[in-house]
Amino acid sequence: MNVDSLSDERRAILAQLQDIVSGGSDVQKEIAVLESVNWDLSRAVDSLLDDQPSSSIPTSSYNPSSSSASASWNAETSADHAPFARLDVDDSSQTVPTTTRHTGAGHSLSRVGFQLVSALAYPVTVTFNLIIYILRLLRIPIPRFSARPFSFSIQSLLWGPRRLGAYEDAGTVAERWVRGLEEDLGALTLSRRRAHLNETSQGHSDGSNGADSEAVLPDFYLGSYEDALNCAKRELRVLCVILVSEEHDDVPEFKRTTLVDPRFVERLHDENFLVWGGDVRDREPYSAALKLGATTYPFISFISLQPSRVPGLANPNQPLLTVLSRHSGPASPPSGPTSTTVLLTHIENRLLPRVRTVFDRVRNEEMGRAAERQMREDQDRAFQESERRDRERILARREAERQAQEQARAAEEERRRQEKRKENAALWRRYARRNLVVPEPTSNGGPSVRIGVRLPNGERVIRKFKESDGLDALYAWAGASFIPAHDKPEHDPAEPPSRSEWRIEDEGWGFKLAVAYPRSEVPWVSGKTIGEVEALKGGVQLVVEDIAPASTSAVHDADDDYLSEEE
């Protein structure tokens, strides 16, 4: 496969792989290995390092006359193997002594034994690796053997069963290593010591002195190396990786001096460093040592976000986790690479100025993105609120229009009903004038009464009625005064309005008659005669009181003219 056909991400992973294993001579093989492990950088590194003979393991080198050295290194930033940017490692005044381990007969015999076993196992290792390589070229899935029973390399013999044993959770291994440090050094991690001091301060006073005399260790991150990288990137913290090996004679001195030095521990805590470490005899620290290029122990590396220097990335402005510096060698004398003085000077003068600028920029960008998100959320809420108010206004306007239409429709129906009622009332009065009004009796026609009626318009009409005439005739005669003059009597209808539309019992005459003084109403009762009404006997003066809604009744005072039978 051609390198140009790879994506930016895969080209970055390939570049990391070549840097870690010092490859580049056989690019097709490296691409094939990455494809066989689905571009998993950790598995590809393990596979290629296992394929290399023991002589290819990098060894430490030191030149006493050189005051500084620089190197380039890439590391993984997250679980998805995003690339670290290439950056020159600042190792000024952080040198490694030429001899870091004491030589002796025992060590010489061990090296001879290792070389003999490695020479005997070399043909088997080459054959096995050749078969694996062919299977990978043929894209045949290969099961992963955790113990690698046929790989007898010097690394396997050096690390022993702790490296090749059953898999353990990285957090469990890290916690076990930290507890081992506490037991060996008589120390407590900073958080546990403070908790212990709080407990003793609340308890008996005789236990506080013991707490004050205990040494202090940094608070280690209990998890895998990848999880520590992700945590450092997510929380914008500097990752301090501490790797030790009991095979190196400088490690005990480093533990007793630098690792429990209160100045070093407090500085890491005050600057919010994320500390992760382990013994390279364990699987996870061994893998981290391979990725960081650690060959001499104790080993300390500082990793943090830095501007990207990997060409061809989709987002070149995005900062990537970068190895800023590596320190390996003895902790004594005070000028040693891992001494407290050298490390604190490096942190204060070189490390913090570099990371603070990047952290500030990342925080400002994150604050800007958060402000933009908040602004978009506010705009969305304002838009939704405006939309809600508009929708409510539209619904309210529609409801008001609907109610107005209903009111107009109801008013129109009421108007038509009143017009129809008036038409039927007028039609009934004309019918009553023709059929219910009786002729005025003569003087020889029997007992009669004289009744005067004052109309609402002030006009007064007088006539006689027989006592045997009904109230229907009286009310029909009074109602005839409401008929317009252009409706002639000869045109009056012979039939009343339809009872489905008009009933005199329900609608009434539209007025009532009452005696002026003393006032007393003369109600209409169908079938009742005038002689049966006590107020009408002997003649009387009546007034017409209109009970129509559109008009008001006019009741005249008692000083109106009163017509009696003698008049």
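Keep in mind that what you see is a predicted model, and the values were worked out from it rather than measured. These values consider heavy atoms only, across backbone and side chains, with no hydrogens, waters or symmetry-generated copies.
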Quiz item: Stepwise, does the side-chain hydrogen bond (donor to acceptor under 3.5 Å, both in side chains) test hold for D227 with S224?
Solution: CA-CA 5 Å; D227 293 340; S224 66; 3.0 Å; yes
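- Using a 4.5 Å heavy-atom threshold, the side chains of R10 and W39 count as touching.
- Side-chain contact between Y297 and D249 is absent, with no heavy atoms from C-beta onward closer than 4.5 Å.
- Listed for the S386 side chain is no donor-acceptor partner under 3.5 Å among the backbone atoms of A382.
- With respect to R179 and E183, no salt bridge is recorded, no charged nitrogen being found less than 4.0 Å from a carboxylate O.
- In this structure, the side chains of V173 and E284 stay at 4.5 Å or more apart for every pair of heavy atoms.
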Exercise. Mind running side chain to side chain contact (heavy atoms under 4.5 Å, CB included) on T172 and E175 for me, showing each step along the way?
Key: CA-CA 5 Å; T172 303; E175 184 175 6; 5.8 Å; no
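- In this structure the side chain of V238 never reaches within 4.5 angstrom of the side chain of L274, judged on heavy atoms.
- Residue E387 holds its CD atom at 11.0 Å from CZ of R389, rounded to the nearest 0.5 Å.
- With rounding to the nearest 0.5 Å, the separation of CZ in R356 from CG in L236 is 14.0 Å.
- Interatomic distance, R402 CZ to L395 CG, rounded to the nearest 0.5 Å: 12.0 Å.
- For the residue pair N230 / E226, no side-chain donor-acceptor distance below 3.5 Å is found, with atom types taken as modelled.
- Proximity of L217 to V265: side-chain heavy atoms (C-beta onward) are nowhere separated by under 4.5 Å.
- The number of heavy-atom neighbours closer than 6.0 Å to CZ of R398, taken from other residues, nucleotides and ligands shown, is 12 or below.
- Side chains of V244 and V280 form no contact here, defined as non-hydrogen atoms less than 4.5 Å apart.
- Salt bridge present: K255 and E246 bring a charged side-chain N and a carboxylate O closer than 4.0 Å.
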Quiz item: Taking it one step at a time, do F220 and I242 satisfy side chain to side chain contact (heavy atoms under 4.5 Å, CB included)?
Solution: CA-CA 10 Å; F220 286 91; I242 300 176; 4.3 Å; yes
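- The closest donor-acceptor contact from the side chain of E253 to the backbone of P330 lies at 3.5 Å or more, if one exists at all.
- The closest donor-acceptor contact from the side chain of S301 to the backbone of V241 lies at 3.5 Å or more, if one exists at all.
- When all heavy atoms of I300 and C240 are compared, the pair lying nearest together is CG2-SG, 3.9 Å.
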Practice problem: Output, in order, the C-alpha distance, side-chain angles, deciding distance and verdict of side-chain hydrogen bond (donor to acceptor under 3.5 Å, both in side chains) for Q384 and D380. | Solution: CA-CA 6 Å; Q384 294 174 359; D380 292 341; 5.9 Å; no
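- By the salt bridge (Lys or Arg N to Asp or Glu O under 4.0 Å) test, D360 is found to be paired with R363, residues two or more places apart in sequence or in another chain being considered.
- Look at R176 and D282 and you find a salt bridge, because one of the NZ, NE, NH1 or NH2 atoms lies within 4.0 Å of a carboxylate O, short of that distance.
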Self-check item: Trace of the side chain to side chain contact (heavy atoms under 4.5 Å, CB included) decision for L305 with V355
Solution: CA-CA 7 Å; L305 288 174; V355 299; over 6 Å; no
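- Taking the six-membered ring for Trp and thresholds of 30 and 60 degrees, H346 and F302 have ring planes inclined between 30 and 60 degrees apart.
- Checked by atom type and distance alone, the side chain of R326 pairs as donor or acceptor with a backbone atom of L292 at under 3.5 Å.
- Looking at every heavy atom in both residues, S304 comes nearest to L324 through CB-CD1, 3.7 Å.
- To the nearest 0.5 Å, atoms OG1 (T258) and CG (L344) are separated by 9.0 Å.
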Self-check item: Derivation and outcome, salt bridge (charged side-chain N to carboxylate O under 4.0 Å, His left out), residues E385 and R381
Solution: CA-CA 6 Å; E385 181 65 19; R381 282 195 297 269; over 6 Å; no
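- Side chains of P262 and V216 form no contact here, defined as non-hydrogen atoms less than 4.5 Å apart.
- Using modelled atom types, no side-chain atom of R193 and backbone atom of L188 make a donor-acceptor pair closer than 3.5 Å.
- Remark: N364 CG to F359 CZ distance equals 13.5 Å, nearest 0.5 Å.
- Residues I31 and L6 form a side-chain contact, since some pair of their non-hydrogen atoms from C-beta on lies under 4.5 Å apart.
- Of all non-hydrogen atoms in P285 and G278, the two that sit nearest each other are CG-CA, 3.7 Å.
- The structure places CG of D219 at 5.0 Å from OG1 of T189, a figure rounded to the nearest 0.5 Å.
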Quiz item: Between L268 and I347, does a side chain to side chain contact (heavy atoms under 4.5 Å, CB included) hold up when you go through it step by step?
Solution: CA-CA 9 Å; L268 294 180; I347 292 174; 4.2 Å; yes
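- Judged by distance alone, the side chain of T322 and the main-chain N or O of L320 form a donor-acceptor pair under 3.5 Å.
- Of the possible donor and acceptor atoms, none in the side chain of T340 sits under 3.5 Å from a partner among the backbone N and O of D261.
- Between P334 and T341, the closest heavy-atom pair is O-CB, 3.9 Å.
- The aromatic ring centres of Y225 and W276 sit less than 6.0 Å apart.
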Show me, pair by pair, the donor-acceptor contacts under 3.5 angstrom made by side chains of residues 365-372, not counting sequence neighbours?
{"residue": "E365", "atom": "OE2", "partner": "R361", "partner atom": "NH1", "Å": "3.0"}
{"residue": "E366", "atom": "OE1", "partner": "R369", "partner atom": "NE", "Å": "3.4"}
{"residue": "E366", "atom": "OE1", "partner": "R369", "partner atom": "NH2", "Å": "2.9"}
{"residue": "E366", "atom": "OE2", "partner": "R373", "partner atom": "NH2", "Å": "3.2"}

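- The backbone N or O of G329 lies less than 3.5 Å from no partner atom in the side chain of D250, so there is not a single donor-acceptor pair.
- Between the side chain of N38 and the main chain of D40, no donor-acceptor pair closer than 3.5 Å is present.
- A salt bridge links E182 with R192; the closest basic N to acidic carboxylate O contact falls under 4.0 Å.
- S328 contributes no side-chain N or O that, together with a main-chain N or O of F299, makes up a donor-acceptor pair within less than 3.5 Å.
- Taking both residues in full, the closest heavy atoms of V358 and P319 are given as CG1-CB, 4.5 Å, listed atom of the first, atom of the second, then distance.
- Shown here for A294 and L243, the closest heavy-atom pair between the two residues is CB-CD1, 4.4 Å.
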